[in-house]
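Residue numbers start from 1 in every chain, and the chains themselves are labelled A, B, ... in the order their sequence lines are given, proteins ahead of strands. Side chains included, hydrogens not; waters and symmetry mates left out as well; all remaining heavy atoms used.
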Amino acid sequence: MNNEYRASVVVRTVAYILAAPLIVFGLYVILHGHLTPGGGFAGGAIMATFIALFLVSFGRKGAGSLHRNLFSVLESLGLTVFVVLAFLGISNTFFYNFMVNSGHLFGRVISFGVNPGYLDTGGVIPLMNIAVGLEVFSAISLIVLEMFTYSREDKND
Amino acid sequence: MISIQFLAAIILISLGLSVAVFKKNLIKIVMAVHVIGSGVNLFLVSLGYRAGGIAPIFTDASKLQMVLPTTQALTLTSIVIDFAVVALMLSFVISIYGHYGTLDTQKRRLKE
Amino acid sequence: MMKEKNIKGVTLCVLFVFLLVMGFCLRPAGEPVNTEMDDYFITYGQVQTGSNNIVTSVVFDYRGMDTLGEASVLFAAASGVFLVFRGERNE
């Protein structure tokens, strides 16, 4: 039995080429979630695609270099930050947007109508996008990593 | 007269339902569940479509006639929940294969 | 036995598709009714939440509770997959 799984040179080269653009595009989609289509969920899924591609191209050795506990901690951290941000506006209501129109961080005042899009608007929405993006990225990576590790172990028995 | 979006949703949902009823492979049943979910998502999005509207995003919008945003937000929720359900079902399928060595629902060991 | 199950399945599918077609024929696409809530979101969402993307403002602000449940479902699914495979590995 072939103990060392290795993808073909085509897959590995495409993985090398696509690694940086996938991560950068995922971060772009997460950070611009309140201005352009996308958001935390879509960006997290794009970044998790990088993990899936990594596992496909580098196999067992690549899976050994990814830490399962790190993804677990990141996932819990994202969900915790999301809930804490929701609770910070509890003086009015749960999920109250307390940072909008304040003039400080992410608090630029905008009026109704078409505009070119300013990054420092939206109040807590960009922060929640980042938290949810972290959570989705870690959850999908954890699921893919678990399935991959188990199927590989099964084959090598 | 039925609209083309609703016709596509009907085709997706009925395809998924017939595959889930008639096929005997567990992986195909999971795929059928996902196809049913896709049909439901298409139905939700097309319910909120307003003729001639654009996506509800103000960044460099060409006009102010926009489709309904709430159905799109709930479709986003539906997509993620569909993904979670399918991931859990697939892990159960992998576990079943490890225990019984088969994916056929008609095999005797899996029916009991 | 097999014939019986096939007849039942075909009956179920035909009935379900018939109900789907009948239900979808009630309204044409592209002309939604009862749009007061969505018109409110489109008109005031940009000023109230500061977000150009109205879908994002609905997901994270007006209907944040739904998103909390959604994130919890994803967390639960990841934990479930983790638990299933850990049980497999320990046997």
Checklist entry - In terms of ring plane angle, is the pair C/Phe60 and A/Phe41 parallel, tilted or perpendicular, where the classes change at 30° and 60°? => result parallel
Next on the checklist: What part of A/Tyr96 gets within 4.5 angstrom of chain C, counting heavy atoms only: side chain, backbone, both, or neither?
Outcome noted: neither
Checklist entry - Taking atom CZ of C/Phe82 as the centre, does the number of heavy atoms from other residues, nucleotides or ligands within less than 6.0 Å exceed 12? => result yes
Next on the checklist: Whether the side chain of A/Thr121 engages the backbone of C/Gly50 through a donor-acceptor N/O pair (distance < 3.5 Å, no angle test) should be reported.
Outcome noted: yes
Checklist entry - From C/Phe75 CZ over to A/Thr80 OG1, what is the distance, rounded to the nearest 0.5 angstrom? => result 7.5 Å
Checklist outcome for this item: Okay, C/Ser57 and chain A: the region with an atom under 4.5 Å from a heavy atom over there is both
Checklist entry - Passes side chain to side chain contact (heavy atoms under 4.5 Å, CB included), A/Asn115 versus C/Gln46? Steps please. => result CA-CA 11 Å; A/Asn115 58 28; C/Gln46 203 180 11; 3.6 Å; yes
Item to check | Gap between atom CG of C/Leu74 and atom CG of A/Leu79 - 0.5 Å precision | outcome: 9.0 Å
Checklist entry - Where on C/Gln48 is there a heavy atom nearer than 4.5 Å to chain A: the side chain, the backbone, both, or neither? => result backbone
Checklist entry - Picking from A/Gly40, A/Ala86, A/Gly33, A/Gly123, which has the most non-hydrogen pairs under 4.5 angstrom with chain C? => result A/Gly33
Item to check | NE2 on A/His32 to OG1 on C/Thr56, rounded to 0.5 Å | outcome: 12.5 Å
Item to check | Distance, nearest 0.5 Å, that separates CG of C/Asn52 from CG of A/Leu119 | outcome: 11.0 Å
Checklist entry - Which pair of non-hydrogen atoms, one from A/Pro37 and one from C/Asn53, has the smallest distance, and what is that distance? => result CA-ND2, 4.0 Å
Next on the checklist: For the interface with chain C, which of A/Ile140, A/Asn97, A/Val83 has the highest count of heavy-atom pairs at distances below 4.5 Å?
Outcome noted: A/Asn97
Next on the checklist: Minimum heavy-atom separation for A/Glu75 and C/Ala78, please, with both atom names.
Outcome noted: OE2-CB, 3.3 Å
Next on the checklist: Shorter than 4.5 Å, heavy atoms on both sides: which option in A/Gly78, A/Ser111, A/Gly39 has the most such pairs with chain C?
Outcome noted: A/Ser111
Next on the checklist: If you count heavy atoms of other groups shown closer than 6.0 angstrom to CZ of A/Phe112, is the number above 12?
Outcome noted: yes
Next on the checklist: Let's test your reading of the structure: which of C/Tyr44, C/Phe85, C/Tyr62 forms the most heavy-atom pairs below 4.5 Å with chain A?
Outcome noted: C/Phe85
Checklist entry - Do the side chains of A/Phe82 and C/Thr67 get nearer than 4.5 Å, heavy atoms only? => result yes
Checklist entry - What option among C/Gly64, C/Ser72, C/Gly80 has the most heavy-atom pairs under 4.5 Å with chain A? => result C/Gly64
Next on the checklist: Out of A/Ile143, A/Leu145, A/Thr36, return the one with the most heavy atom pairs under 4.5 angstrom to chain C.
Outcome noted: A/Ile143
Next on the checklist: Rounded at 0.5 Å granularity, tell me how far CG in C/Leu68 sits from CZ in A/Phe95.
Outcome noted: 5.0 Å
Item to check | Options A/Val136, A/Val114, A/Asn129, ranked by heavy-atom pairs under 4.5 Å with chain C, top entry | outcome: A/Asn129
